Amino acid sequence: MNHPYLPLTDGQRRAMLDTIGVSDFAELLAEVPEELRLKKPLDLPASQSELELSTGFHQLAEMNVLPELSFLGAGAYQHYIPAVVNHLAKRSEFYTAYTPYQPELSQGMLQAIFEFQSYISELFGLPVANASLYDGPTALAEAVLMALKETRRNQVLLPETLHPSLIEVVRTYLRDSGVEIIILPCPAGVQEIEHLAKSLSEECAAVVIQNPNRYGILEDLSRLIELTRQAGAVPISYVQPLTLGLLEAPGRLGAEIVVGEGQPLGLPLSYGGPYLGLMAVSERFMRRIPGRLVGETLDRDGRISYVLTLQAREQHIRREKATSNICSNQALCALRAAIYLGVLGPKGLHQVAQRCYDNAHYLAAELNKAGFPLRFEQPFFMEFAIHTSRPAADLIHSLAARGIMPGLDLGRFDPALDHSLLVCATEIFSKTQLDRFCTEMRDLG
Amino acid sequence: MNHPYLPLTDGQRRAMLDTIGVSDFAELLAEVPEELRLKKPLDLPASQSELELSTGFHQLAEMNVLPELSFLGAGAYQHYIPAVVNHLAKRSEFYTAYTPYQPELSQGMLQAIFEFQSYISELFGLPVANASLYDGPTALAEAVLMALKETRRNQVLLPETLHPSLIEVVRTYLRDSGVEIIILPCPAGVQEIEHLAKSLSEECAAVVIQNPNRYGILEDLSRLIELTRQAGAVPISYVQPLTLGLLEAPGRLGAEIVVGEGQPLGLPLSYGGPYLGLMAVSERFMRRIPGRLVGETLDRDGRISYVLTLQAREQHIRREKATSNICSNQALCALRAAIYLGVLGPKGLHQVAQRCYDNAHYLAAELNKAGFPLRFEQPFFMEFAIHTSRPAADLIHSLAARGIMPGLDLGRFDPALDHSLLVCATEIFSKTQLDRFCTEMRDLG
Amino acid sequence: MSLIFEKSVPGKTAWTLPSSDVPAAPLDTAVEKQLRQGTPRMPELAEIDIVRHYTELSRRNHGVDSGFYPLGSCTMKYNPKINEDIAEIPGFQWAHPMSPDSFCQGSLRVLYELEQAFCAITGMDYFTLQPAAGAHGELTAMFIIKAYHRQRGDSHRLKVLVPTSAHGTNPASAAMAGFEPIPVQCNAQGLVDYDQLVSLLDDHVAALMLTNPNTLGLFEKEISAIANRVHQAGGLLYYDGANLNAIMGIVRPGDMGFDLMHLNAHKTFATPHGGGGPGAGPVGVKEYLQPFLPAPVLGESAAGLFWDWDRPQAIGKVVGFHGNFGVLLKALAYIKALGGPGLQQVSQDAILNANYLRARLQSSYSVPYSQFCMHEFVISATNLPNHIRALDIAKRLIDFGYHPPTVYFPLIVAEALMIEPTETEDQATLDQFVQTLQQILIEAEQHPELLTSAPHHTPVSRVDETRAARSPKLHW
Amino acid sequence: MSLIFEKSVPGKTAWTLPSSDVPAAPLDTAVEKQLRQGTPRMPELAEIDIVRHYTELSRRNHGVDSGFYPLGSCTMKYNPKINEDIAEIPGFQWAHPMSPDSFCQGSLRVLYELEQAFCAITGMDYFTLQPAAGAHGELTAMFIIKAYHRQRGDSHRLKVLVPTSAHGTNPASAAMAGFEPIPVQCNAQGLVDYDQLVSLLDDHVAALMLTNPNTLGLFEKEISAIANRVHQAGGLLYYDGANLNAIMGIVRPGDMGFDLMHLNAHKTFATPHGGGGPGAGPVGVKEYLQPFLPAPVLGESAAGLFWDWDRPQAIGKVVGFHGNFGVLLKALAYIKALGGPGLQQVSQDAILNANYLRARLQSSYSVPYSQFCMHEFVISATNLPNHIRALDIAKRLIDFGYHPPTVYFPLIVAEALMIEPTETEDQATLDQFVQTLQQILIEAEQHPELLTSAPHHTPVSRVDETRAARSPKLHW
């Protein structure tokens, strides 16, 4: 069989079997019991040529409806990705490499990840950032596990204002572990200080605060962290990293673990993945942090070089005693994020955050004029919930027909909010586009 | 001014002016007469951000109508381009380099071009292929100039079956040169042997045969070449290189110069450029051939290496005595062609040519059944002219509304052919697609 | 080379944003209170600076496109370029994971077809595509095993048997899910010690984790008997799919008696691993475990495909959205490109290449196990002259343009070099590699310093890993 | 490294085509007669072989993304990445050049906007975008000049004056169009010898070809007087736009008295030159030369833009279709990204960088002309110790990661090194370059063999150009 992906020719196969000293391939399978062997071909469609693949997948892609304007956020955000991100991350020396186990041959990726850690450490305000985790929610689950181990306590407080998938993933990771998960109700759309104060006890290992929260609202982060620390629990902050162009690094406000979803940093939406789990921790968690860490060192000639370090935490050394089972991470996504942050620079980061803020606030004001008031009277950042007179699900379908995805039907998470829409406005929109959205909403709403 | 493309900062600019010893930039312009200096800003739109550029150009691209199925060829062909072509040609070491003047730093491009020359030499059946020219028609014009110089004769015979732009470009290059261009009428759609025989004289420097010709028809190449040689003129062959998967190399049939348009070898249509002028010549033209040549040599340590050679032909050495003024060529396009040919291999090249042939002949037969007979009863390769009962221009607009571009209105070149359509079927079409075309033609024709 | 931070020049920019006619919103007091103090320490650079920085970094890195990469257990096969282009089709790239299902029928179809293909290849009945990586798939499987026993009232089953040759992720995943991993020794043939295994089976055993072929590249031929005994004892059999590349079209985990498994899209299905990730670790189960799969699962109705959230016994979500879609998409493209016979040829060629290398190397190097291997094999660099170690050989290989094999794994072989050529190398590459390894042996005898001081042509020489760990410097 | 042909293994393939249900057509006798005898000697390779071959080749090449590339007269500036993406938008990439105009309004709009922008930048009235490269633009311009004089009954005007400092393409283009190039000397200031020029003007002069700033990077300050005299003599003034990068927003050829010009999209407008091409060499003319532009020209009607073929005085087509559209598209994107003030800053920074380098180098190297330069300048490597030549310096620069400057051009300066930093380098890069050049001077004194044996770290050492030309081997 000849195939572009299979460089062996029949002649080579024959010669190689001769060298091995067998007369046919089947002899090599001597150890595979006959009765287990597959008797029929795999039940799969026939091999496709590249042209067919290309055509077929373009057709599949066209079955997706891509709105002209989308105000859907809710954990995955459409930001502008500068062209250089793709051009550079697509250098094949990067994307066809494996984990940099051999540092001399991998200084490129190791340095890129060291720089990535530096960005995250700086943005999050904590000294130790890892080389990435799978995504934001799994990073949060790992954070919670760390806090449980470190405090040896057995309870976690999760405000209802966390994105539902955060709560779900943490639940999955802790199911049957004996850890008590307490969901704190937040009818006003924010975690109330008094309520957290009442809920905290000496059993609490961690409190998780998402800021901005699931409704795009800003929590009173400093005070929530302070309360948590006072109770001896670990304050864990969950962030959309681009908001940190305006907002203080949670680590500097006292959070001991900061995690977040790195997708906004130069990754396409891609129906939910691959994304990028971000994590930074305070010193005391350095030897507990899951995932790879790249450290600086010297080579034999005294040159600065980079290497995977503190591997004694990891599964391939410690096996069942490892801090986590994580092995693969999202290194290529981390590379993209690093390139993206390099393009932004400090001013660009501030500019993007500010523009998101401005766009969202202009849009909220205009939607309010158009008859869609805010659902929660709370300060927000780049996402906000509005009240709709028609069920949000209906509204979405009406607007979609005009090429607009107006946001998330909050009824999907909470039936009581089925007349609420979560609207997100990033920096990509012009005033004309925002105005068009408002006009269409007024027409149809 | 700060801009992503301008790395100097105002601080650096200031410091550099200080080092130079001037107080402001204007002093550096001391030699530029004040009265010539532009007094107002350039009349151009304001600087756009990358996001605006991206959006704006996508909007412009959408103003082009891309049919679902296009049977338009006529000198530019839609073949399948394997993914590796772009991935490899887009390596920035290739595309951000200049002409390989410094061989030690340019072995990559030099070897790639040497390999390109080897492919063209082999396909065309001649020993000397250059590193590329601008496009097929300019390559032909250069070929004619070479033949004129070599033979010291003063007349060129161009059959009417050459693509009109070939004739036009040759005319442009020879206007006012005193060279006589004789266009040989070809009412049957091919150059008739007898007619050429009658037209040839001792004044003739060259005869150009396009094969397949402007109507996709196969000329009687061997005999036309033979006649030309007998008259002491230079036979120049013009080819669509992919047909050479089936057809004999013109050099082996006696052509002394073979030129062609390399676009089919892995280049997108791109509204006509950048394309790829191909040229190979016999030994006697080696020191007359225009354009760059890469030759093999050795380095000081005896290693095989590659270098631009026979530069004494070229303008930067010989100035007005150069064989041509050419300096830039289409090296990056040649690189793409080389990668493409490497992917095809000998079997793939044959397969593509055969599939084009099969598809075109099936389509012609089906269109004939649908009421569109061949315009010329001549053997063709992958393009053919059909007779349409409605004006071809009308038919094109009717079919376009159904997503099909049926071909070229031959009336654009020759008013007498305004009820003729030149139809091209490459390897990219499935039978289903060809059948759909025939059905739509029957409906509308 | 300098860090990107060290190249910063204040005032440079690589970023542009359209000028805006949206009025600047006054900052809310809540924002004012949280406003970032000071400017983050990030570099200021022009576009060319960034391009040159990462271009240079890339040239200090080795990928499959750069040369042979026989990293055992990592299956570094060629990553087809068309798959990269497919993943960049805007309809896929900009589909939002929270869009209503009716907007995402293309993406859902991709996932659906991939589930079907994985079932066909593995003999499992259902798949979840959520897990983001192999170890994540293992963890998901452990959660499923736990849920299964709980539902049967078997919550006391907390032991998971793990062969000592297993990947480190196995015991780690079991532990993370709250199980107690119990090691099972290997016998002299490199296979699971059947008797010891049987002796460990009791009603506290939740599962056996096994990869087959195992990490020595050897097929566990007693697998049917093992499966029977584990099942009889009430345990489940979990298949670590890291080595699936050895068996496609030859045997199927589902037919060998495994109840559930994960696979690694980035290994077997050729999706780029990008310097450590992303990957994808889909988990397949037999019918009876289907209720426990993470929610949501794909359903099909007259209106098309949809996410079915009504899954009362599900273990819950294991990622934020639907898994690493971009990776899964490439895996499907790979499967479609090869088809059934092609995938079988993949495994056959992987096995052939490994046995060929093994046959050619066994006159020079110690090959600890005598039977034919599957897709990879281990050599042992013991008893080499001049105290040369496996690491020295690995580093010396770098000088010849090779990425070294995996070293010091599996732990049960001393001075192990674990070689996995994959099917995407041809005989000529393998022959050159053999020749190099033979030459290195001669060097070990005659010029051992060539090995101990290797590598010589890399941007840095052998790095001090101890120093890095002693006083960690983890950021600029 | 081996040629791709040498890597061939019969039976390998990297190509697939869908299986076809179109019946195989019997070959026509005409085809039978012309059927290729034997299989062409092309390599048979798998996809990975091709990928590794070209990846390795790329790593043996230097581009702007790899480092500083101060190749005088070639304007090796940074190529913005967004422009590559724009050129790959399917609507542009798959527009057919023979499509009816109504199908191509997007592409036509691009060309139209670019013509407008070029007019604004150069002060010309009309542009043709057909010419495929700079030299091709020169040739087109020569054809236009010829047509102009013919139409005026001045067909005897066959002399074209060309300064000795001009690019070789100038005399070659003039000759190719049937003119007789007449050299004009330079004076001690590196400028055109005005008196000699005047003495050459007569009624056989068709035109003067001039680049301003000239190839020494010096501004021809007598340009107004020159233009007057040439015009008085009935000649036309042609501007070689190779050095346009020096003057955007500062002066315009149209305002300096030039009648027509070409420009180089791949130099001034940052489109990649790809190892020698493609480029684009649009030609701009004043109103009175517009009738002679190649046909077709862009027209605008109520129905949109269209190609106007009704051009009786046109010189004819100079390329097969509409020019290098993909290149022109990138040029427009570049112009839009910068806008008017941005382009002015481009030229200012190009001038500043050149003068800065010149100022810093003049204490170490001989700088033959004393006035400030524009975007580039020439140093002369004469009187160096130990018979070190410009070429040695160039080759030694390679060891430090630089592409050398242009050497031995312009011909009027002995041992010339022509340095053009462009505006896309910053001060730090220039400072390092200066430091390297100074160090090389010290080496020339102390270790001349370091220079004469350079380069040392490249895949090949200094190559034997003579051998290549003596017995040319031009293919495998």
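Keep in mind that what you see is a predicted model, and the values were worked out from it rather than measured. So that the names make sense, note that chain A is the first sequence line, chain B the second, and so on, each numbered from 1.
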Which region of D/Pro455, side chain (C-beta onward) or backbone (N, CA, C, O), has a non-hydrogen atom less than 4.5 Å from a non-hydrogen atom of chain B, or is it both or neither?
-> side chain
Contact class of D/Met256 relative to chain B, heavy atoms under 4.5 angstrom | both
Just do the side chain to side chain contact (heavy atoms under 4.5 Å, CB included) check on B/Tyr271 and D/Phe321 with the steps written out, would you?
-> CA-CA 8 Å; B/Tyr271 202 54; D/Phe321 297 107; over 6 Å; no
Heavy-atom distances under 4.5 Å only: say whether D/His167 touches chain B with side chain, backbone, both or neither.
-> backbone
Partner residues of B/Ser118 under the side-chain contact (heavy atoms from CB on, under 4.5 Å) criterion, sequence neighbours left out | B/Phe114, D/Phe5, D/His475, D/Trp476
Residue pair B/Asp301, D/Ser461: steps toward the side chain to side chain donor-acceptor pair (under 3.5 Å) verdict | CA-CA 7 Å; B/Asp301 302 300; D/Ser461 57; 2.8 Å; yes
Segment of D/Asp85 engaging chain B (4.5 angstrom heavy-atom cut-off) = neither
Toward chain B, the part of D/Pro472 with a non-hydrogen atom under 4.5 Å = side chain
So what's closer than 4.5 Å to chain B heavy atoms on D/Ile86: side chain, backbone, both or neither?
-> side chain
Under 4.5 Å from any heavy atom of chain B - which part of D/Ser102 | both
Taking the side chain as every heavy atom from C-beta outward, state whether B/Thr9 and D/Asp426 have any atom pair closer than 4.5 Å.
-> no
With sequence neighbours left out, write down each residue that passes side-chain hydrogen bond (donor to acceptor under 3.5 Å, both in side chains) with B/Lys321, or none if nothing qualifies.
-> none
Under 6.0 Å between ring centres, would you say that holds for B/His316 and D/Phe409?
-> no
Quick one: CG on D/Asp349 to CZ on B/Phe25, what's the gap to the nearest 0.5 Å?
-> 8.0 Å
Indicate whether the side chain of B/Ser328 and that of D/His273 have a donor and an acceptor atom separated by less than 3.5 Å.
-> yes
Show your reasoning for whether side chain to side chain donor-acceptor pair (under 3.5 Å) applies to B/Gln78 and D/Trp94.
-> CA-CA 8 Å; B/Gln78 188 166 358; D/Trp94 292 107; over 6 Å; no
Greatest number of non-hydrogen atom pairs under 4.5 angstrom with chain D, of B/Met405, B/His350, B/Arg91, B/His361, falls to B/Arg91
Please say whether the positively charged group of D/Lys336, taken as NZ for Lys or CZ for Arg, lies over the ring of B/Phe57, i.e. under 6.0 angstrom from the six-membered ring centre and within 45 degrees of the axis.
-> yes
Do B/Thr96 and D/Asn79 meet the criterion of a side-chain donor-acceptor pair at a distance under 3.5 Å?
-> no
D/Arg462/B/Glu104 ion pair, N-O < 4.0 Å | no
